[in-house]
Visitor: 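Please read through the structure below; I'll follow up with questions.
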Amino acid sequence: MGTQEDIITFNHVTFKYNSDEPLALNDVSFGIPKGQWTSIVGHNGSGKSTIAKLMVGIEKPIDGSIKFYDQIINQQNLDNLRQHIGIVFQNPENQFVGSTVEFDVAFGLENNSVSYDDMQTIVPKALEDVEMLDRADYEPQALSGGQKQRVAIAGVLALDTDVIILDEATSMLDQLVEVN
Ligand SMILES: Nc1ncnc2c1ncn2[C@@H]1O[C@H](COP(=O)(O)OP(=O)(O)OP(=O)(O)O)[C@@H](O)[C@H]1O
Ligand SMILES: [Mg+2]
(Lines give C-alpha, C1' and ligand atoms only; values in the text may rest on other atoms or scores of the structure.)
(Ligands and ions follow the chains in the order given, each with its own letter.)
Protein backbone atom coordinates (compact mmCIF):
# COMPACT_ATOMS: atom_id res chain seq x y z
CA MET A 1 0.00 0.00 0.00
CA GLY A 2 2.80 2.37 0.90
CA THR A 3 4.02 2.44 -2.68
CA GLN A 4 0.73 3.74 -4.05
CA GLU A 5 0.61 7.40 -4.98
CA ASP A 6 -2.34 9.44 -3.76
CA ILE A 7 -3.74 11.96 -6.20
CA ILE A 8 -5.86 13.75 -3.56
CA THR A 9 -5.07 13.83 0.14
CA PHE A 10 -7.22 15.18 2.99
CA ASN A 11 -5.10 16.01 6.02
CA HIS A 12 -7.05 16.65 9.25
CA VAL A 13 -9.73 18.60 7.38
CA THR A 14 -12.35 20.37 9.45
CA PHE A 15 -15.16 22.36 7.86
CA LYS A 16 -18.45 24.04 8.63
CA TYR A 17 -20.68 26.11 6.39
CA ASN A 18 -21.66 28.79 8.89
CA SER A 19 -20.08 29.85 12.15
CA ASP A 20 -23.24 29.17 14.13
CA GLU A 21 -23.70 25.67 12.72
CA PRO A 22 -22.18 22.34 13.78
CA LEU A 23 -19.14 20.99 11.92
CA ALA A 24 -19.91 19.32 8.59
CA LEU A 25 -16.49 17.59 8.68
CA ASN A 26 -14.47 17.03 11.83
CA ASP A 27 -10.76 16.16 11.49
CA VAL A 28 -11.10 14.06 8.32
CA SER A 29 -7.99 12.44 6.80
CA PHE A 30 -7.76 10.08 3.82
CA GLY A 31 -6.01 9.59 0.50
CA ILE A 32 -7.47 8.90 -2.94
CA PRO A 33 -5.09 6.54 -4.78
CA LYS A 34 -4.20 7.36 -8.35
CA GLY A 35 -5.47 5.18 -11.18
CA GLN A 36 -8.59 3.64 -9.66
CA TRP A 37 -12.17 4.34 -8.67
CA THR A 38 -12.74 5.22 -5.02
CA SER A 39 -16.21 5.38 -3.45
CA ILE A 40 -17.15 7.42 -0.39
CA VAL A 41 -20.18 5.96 1.33
CA GLY A 42 -22.19 7.54 4.14
CA HIS A 43 -25.71 8.41 5.24
CA ASN A 44 -27.58 11.54 4.15
CA GLY A 45 -25.94 14.64 5.56
CA SER A 46 -22.72 12.86 6.52
CA GLY A 47 -20.59 15.16 4.36
CA LYS A 48 -20.01 13.41 1.01
CA SER A 49 -21.01 16.38 -1.17
CA THR A 50 -19.10 18.66 1.17
CA ILE A 51 -15.96 16.59 0.56
CA ALA A 52 -16.54 16.91 -3.20
CA LYS A 53 -16.88 20.70 -2.93
CA LEU A 54 -13.68 20.92 -0.89
CA MET A 55 -11.83 18.80 -3.47
CA VAL A 56 -12.56 21.32 -6.21
CA GLY A 57 -12.07 24.37 -4.00
CA ILE A 58 -15.69 25.53 -3.98
CA GLU A 59 -15.35 25.48 -0.19
CA LYS A 60 -12.19 25.89 1.90
CA PRO A 61 -11.28 23.97 5.06
CA ILE A 62 -11.37 25.97 8.30
CA ASP A 63 -8.61 23.70 9.54
CA GLY A 64 -6.29 21.13 7.94
CA SER A 65 -5.27 20.97 4.28
CA ILE A 66 -6.09 19.29 0.99
CA LYS A 67 -3.45 18.28 -1.52
CA PHE A 68 -3.59 17.56 -5.25
CA TYR A 69 -0.53 15.36 -5.72
CA ASP A 70 1.96 17.12 -3.41
CA GLN A 71 0.54 20.61 -3.86
CA ILE A 72 -1.63 22.08 -1.12
CA ILE A 73 -4.74 23.61 -2.70
CA ASN A 74 -4.91 27.35 -2.17
CA GLN A 75 -6.33 30.44 -3.82
CA GLN A 76 -3.27 30.81 -6.06
CA ASN A 77 -3.32 27.37 -7.64
CA LEU A 78 -7.09 26.92 -7.76
CA ASP A 79 -7.47 27.80 -11.45
CA ASN A 80 -4.78 25.31 -12.34
CA LEU A 81 -6.40 22.66 -10.14
CA ARG A 82 -9.69 23.02 -11.98
CA GLN A 83 -7.98 22.06 -15.23
CA HIS A 84 -7.20 18.71 -13.62
CA ILE A 85 -10.33 17.86 -11.66
CA GLY A 86 -13.77 17.50 -13.23
CA ILE A 87 -16.93 17.20 -11.17
CA VAL A 88 -20.51 16.16 -11.81
CA PHE A 89 -22.79 17.46 -9.09
CA GLN A 90 -25.62 15.63 -7.40
CA ASN A 91 -28.20 17.71 -9.30
CA PRO A 92 -26.83 18.06 -12.82
CA GLU A 93 -29.73 20.40 -13.71
CA ASN A 94 -27.82 23.21 -12.06
CA GLN A 95 -24.80 22.46 -14.19
CA PHE A 96 -26.15 22.96 -17.72
CA VAL A 97 -25.04 26.06 -19.58
CA GLY A 98 -25.57 25.17 -23.25
CA SER A 99 -28.82 25.56 -25.20
CA THR A 100 -28.45 22.03 -26.56
CA VAL A 101 -26.82 18.84 -25.32
CA GLU A 102 -24.06 19.23 -27.89
CA PHE A 103 -23.34 22.88 -27.05
CA ASP A 104 -23.36 22.04 -23.39
CA VAL A 105 -20.61 19.45 -23.76
CA ALA A 106 -18.68 21.81 -26.05
CA PHE A 107 -18.87 24.66 -23.56
CA GLY A 108 -16.28 23.27 -21.16
CA LEU A 109 -13.93 22.60 -24.09
CA GLU A 110 -14.32 26.16 -25.29
CA ASN A 111 -13.35 27.34 -21.81
CA ASN A 112 -10.19 25.24 -22.12
CA SER A 113 -9.41 26.81 -25.52
CA VAL A 114 -9.84 23.54 -27.40
CA SER A 115 -9.95 24.15 -31.16
CA TYR A 116 -13.20 23.86 -33.09
CA ASP A 117 -11.71 21.00 -35.12
CA ASP A 118 -10.88 19.01 -32.00
CA MET A 119 -14.35 19.66 -30.60
CA GLN A 120 -15.87 18.05 -33.68
CA THR A 121 -14.23 14.79 -32.61
CA ILE A 122 -14.33 15.06 -28.82
CA VAL A 123 -17.99 16.06 -28.34
CA PRO A 124 -19.58 13.21 -30.36
CA LYS A 125 -17.17 10.70 -28.77
CA ALA A 126 -18.12 11.79 -25.24
CA LEU A 127 -21.83 11.68 -26.09
CA GLU A 128 -21.41 8.26 -27.65
CA ASP A 129 -19.62 6.99 -24.52
CA VAL A 130 -22.74 7.79 -22.46
CA GLU A 131 -25.12 6.65 -25.23
CA MET A 132 -26.55 10.11 -25.75
CA LEU A 133 -25.33 10.93 -29.25
CA ASP A 134 -28.87 10.65 -30.61
CA ARG A 135 -29.92 13.46 -28.26
CA ALA A 136 -27.18 15.87 -29.35
CA ASP A 137 -29.69 18.45 -30.61
CA TYR A 138 -32.04 18.27 -27.63
CA GLU A 139 -32.40 21.05 -25.09
CA PRO A 140 -30.98 19.78 -21.79
CA GLN A 141 -34.34 20.56 -20.17
CA ALA A 142 -36.03 18.08 -22.49
CA LEU A 143 -34.14 15.12 -21.03
CA SER A 144 -35.05 12.67 -18.28
CA GLY A 145 -33.18 12.75 -14.98
CA GLY A 146 -30.88 9.87 -15.92
CA GLN A 147 -30.28 11.33 -19.38
CA LYS A 148 -29.28 14.65 -17.79
CA GLN A 149 -26.80 12.79 -15.65
CA ARG A 150 -25.36 11.10 -18.71
CA VAL A 151 -24.89 14.43 -20.49
CA ALA A 152 -23.26 15.95 -17.41
CA ILE A 153 -20.89 12.96 -17.30
CA ALA A 154 -20.14 13.43 -21.02
CA GLY A 155 -19.23 17.03 -20.19
CA VAL A 156 -16.47 15.97 -17.80
CA LEU A 157 -15.34 13.02 -19.93
CA ALA A 158 -14.78 15.48 -22.79
CA LEU A 159 -12.44 17.52 -20.60
CA ASP A 160 -10.21 14.46 -20.10
CA THR A 161 -9.18 15.55 -16.60
CA ASP A 162 -6.87 13.55 -14.30
CA VAL A 163 -9.69 13.17 -11.76
CA ILE A 164 -13.45 12.85 -12.19
CA ILE A 165 -15.65 13.33 -9.13
CA LEU A 166 -19.17 11.94 -9.42
CA ASP A 167 -21.37 13.12 -6.56
CA GLU A 168 -24.08 10.49 -6.84
CA ALA A 169 -24.11 11.42 -10.49
CA THR A 170 -24.96 7.86 -11.38
CA SER A 171 -27.84 7.48 -8.91
CA MET A 172 -30.44 7.64 -11.68
CA LEU A 173 -28.62 5.50 -14.21
CA ASP A 174 -29.98 2.04 -14.90
CA GLN A 175 -26.61 0.73 -15.92
CA LEU A 176 -23.07 1.93 -15.70
CA VAL A 177 -21.63 3.10 -18.97
CA GLU A 178 -18.39 1.52 -20.10
CA VAL A 179 -15.87 4.24 -20.73
CA ASN A 180 -12.81 3.51 -22.82
N1 LIG B 1 -24.88 24.96 1.51
C2 LIG B 1 -24.96 24.56 2.78
N3 LIG B 1 -25.10 25.44 3.80
C4 LIG B 1 -25.17 25.04 5.09
N5 LIG B 1 -25.07 23.76 5.46
C6 LIG B 1 -24.94 22.83 4.51
C7 LIG B 1 -24.86 23.18 3.12
N8 LIG B 1 -24.71 22.04 2.39
C9 LIG B 1 -24.70 21.03 3.29
N10 LIG B 1 -24.82 21.50 4.55
C11 LIG B 1 -24.79 20.68 5.80
O12 LIG B 1 -23.58 19.95 5.83
C13 LIG B 1 -23.79 18.61 6.25
C14 LIG B 1 -23.22 17.66 5.20
O15 LIG B 1 -23.98 17.79 4.01
P16 LIG B 1 -23.59 17.07 2.66
O17 LIG B 1 -24.41 17.71 1.59
O18 LIG B 1 -22.12 17.12 2.49
O19 LIG B 1 -24.06 15.57 2.94
P20 LIG B 1 -24.10 14.30 1.98
O21 LIG B 1 -23.31 13.22 2.65
O22 LIG B 1 -23.70 14.69 0.60
O23 LIG B 1 -25.64 13.90 2.02
P24 LIG B 1 -26.59 13.23 0.90
O25 LIG B 1 -26.36 11.75 0.96
O26 LIG B 1 -27.96 13.57 1.37
O27 LIG B 1 -26.26 13.84 -0.42
C28 LIG B 1 -25.29 18.47 6.48
O29 LIG B 1 -25.53 18.55 7.86
C30 LIG B 1 -25.90 19.66 5.79
O31 LIG B 1 -27.01 20.17 6.50
MG1 LIG C 1 -24.67 14.72 -1.18
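Keep in mind that what you see is a predicted model, and the values were worked out from it rather than measured. Counting starts at 1 for both ligands and their atoms, following the listed order.
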Visitor: Among all protein heavy atoms, pick out the one at the shortest distance from atom 14 (C) of ligand 1; state its residue, atom name and that distance to 0.1 Å.
Guide: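 Going atom by atom, the protein heavy atom closest to atom 14 (C) of ligand 1 ends up being G45 O, 3.3 Å.
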Visitor: Any donor-acceptor pair under 3.5 Å linking the side chain of K48 with the backbone of H43?
Guide: yes
Visitor: Any non-hydrogen atom of S46 lying under 4.0 Å from ligand 1?
Guide: yes
Visitor: Is A24 in polar range of ligand 1, meaning some N or O pair under 3.5 Å apart?
Guide: no
Visitor: Would you say V97 and L143 are hydrophobically clustered, going by side-chain heavy atoms of ILVMFWY under 4.5 Å?
Guide: no
Visitor: Identify all side-chain donor-acceptor contacts of residues 53-72 below 3.5 Å with residues at least two apart in sequence or on another chain.
Guide:
from, atom 1, to, atom 2, distance (Å)
K53, NZ, Y17, OH, 3.0
Y69, OH, K34, NZ, 3.4

Visitor: Does D79 have more than 12 heavy atoms from other residues, nucleotides or ligands lying within 6.0 Å of its CG?
Guide: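 Counting other residues, nucleotides and ligands, CG of D79 stays at 12 neighbours or fewer.
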Visitor: Quick one: does N18 get an N or O within less than 3.5 Å of an N or O on ligand 1?
Guide: no
Visitor: I want to check something: taking the side chain as every heavy atom from C-beta on, are I73 and L78 in contact at a cut-off of under 4.5 Å?
Guide: yes
Visitor: Check the hydrophobic clustering (I, L, V, M, F, W, Y; side-chain heavy atoms under 4.5 Å; chains of links allowed) and say if I122 and I164 are grouped together.
Guide: yes
Visitor: Do protein heavy atoms approach atom 31 (O) of ligand 1 to less than 4.0 Å?
Guide: no
Visitor: Please report which non-hydrogen protein atom sits nearest to atom 24 (P) of ligand 1, along with the residue it belongs to and the distance in Å to one decimal place.
Guide: N44 ND2, 3.6 Å
Visitor: Quick check: is L157 connected to W37 through a chain of hydrophobic side chains (ILVMFWY, heavy atoms under 4.5 Å apart)?
Guide: yes
Visitor: Starting from atom 15 (O) of ligand 1, what is the nearest protein heavy atom, named by residue and atom, and what distance separates them?
Guide: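 Of every protein heavy atom, T50 OG1, 3.7 Å lies nearest to atom 15 (O) of ligand 1.
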Visitor: State whether the shortest distance between N or O atoms of G47 and N or O atoms of ligand 1 falls below 3.5 angstrom.
Guide: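 Yes, since at least one N or O of G47 sits under 3.5 Å from an N or O of ligand 1.
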Visitor: Which residue supplies the protein heavy atom nearest to atom 17 (O) of ligand 1, what is that atom called, and how far is it?
Guide: S49 CB, 3.6 Å
Visitor: Looking at D20, is its backbone amide N or carbonyl O close enough to the side chain of N18 to form a donor-acceptor pair, meaning the two atoms are under 3.5 Å apart?
Guide: no
Visitor: Could you list the residues that satisfy side chain to side chain donor-acceptor pair (under 3.5 Å) with Q147, not counting sequence neighbours?
Guide: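 Only S144 meet the side chain to side chain donor-acceptor pair (under 3.5 Å) criterion with Q147.
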Visitor: I'd like to check which ligand 1 atoms, numbered from 1 as shown, lie under 4.0 Å from a non-hydrogen atom of E168.
Guide: 25 (O), 27 (O)
Visitor: On a heavy-atom basis, which atom in V130 and which in A154 lie closest, and how many Å separate them?
Guide: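 V130 and A154 have their closest heavy atoms at CG2-CB, 3.8 Å.
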Visitor: Residues in side chain to side chain contact (heavy atoms under 4.5 Å, CB included) with T121, at least two apart?
Guide: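 If we apply the side chain to side chain contact (heavy atoms under 4.5 Å, CB included) test to T121, skipping adjacent residues, there are no hits.
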Visitor: Heavy-atom contacts with E21 under 4.0 Å: which atoms of ligand 1 show up? List them by number with element.
Guide: 4 (C), 5 (N)
Visitor: With atoms numbered from 1 as shown, which atoms in ligand 1 lie under 4.0 angstrom from a non-hydrogen atom of K48?
Guide: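 With K48 as reference, the close atoms of ligand 1 come out as 18 (O), 19 (O), 20 (P), 21 (O), 22 (O), 23 (O), 24 (P), 25 (O).
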Visitor: Tell me whether L133 shares a hydrophobic cluster with M119, the cluster being built from Ile, Leu, Val, Met, Phe, Trp, Tyr side chains joined at under 4.5 Å.
Guide: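 Yes; tracing contacts between hydrophobic side chains, which count when under 4.5 Å, links both residues.
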Visitor: Tell me whether atom 28 (C) of ligand 1 lies less than 4.0 Å from at least one protein heavy-atom position.
Guide: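 Protein heavy atoms within 4.0 Å of atom 28 (C) of ligand 1 - there is at least one.
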Visitor: Should L81 and I32 be regarded as members of a common hydrophobic cluster, given that ILVMFWY residues are connected when their side-chain heavy atoms come within less than 4.5 Å of each other, either directly or indirectly?
Guide: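 Yes: a chain of side-chain contacts under 4.5 Å links L81 to I32.
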Visitor: Could you identify the single nearest non-hydrogen protein atom to atom 6 (C) of ligand 1 and state the distance to 0.1 Å?
Guide: Y17 CD1, 3.2 Å
Visitor: For ligand 1, is there an atom lying under 4.0 Å from some heavy atom of H43?
Guide: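 Yes; H43 lies near enough to ligand 1 that a heavy-atom distance drops under 4.0 Å.
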Visitor: Tell me the protein N, O or S atoms under 2.8 Å from the Mg ion (ligand 2), in chain and number order.
Guide: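 Correct list: S49 OG, Q90 OE1.
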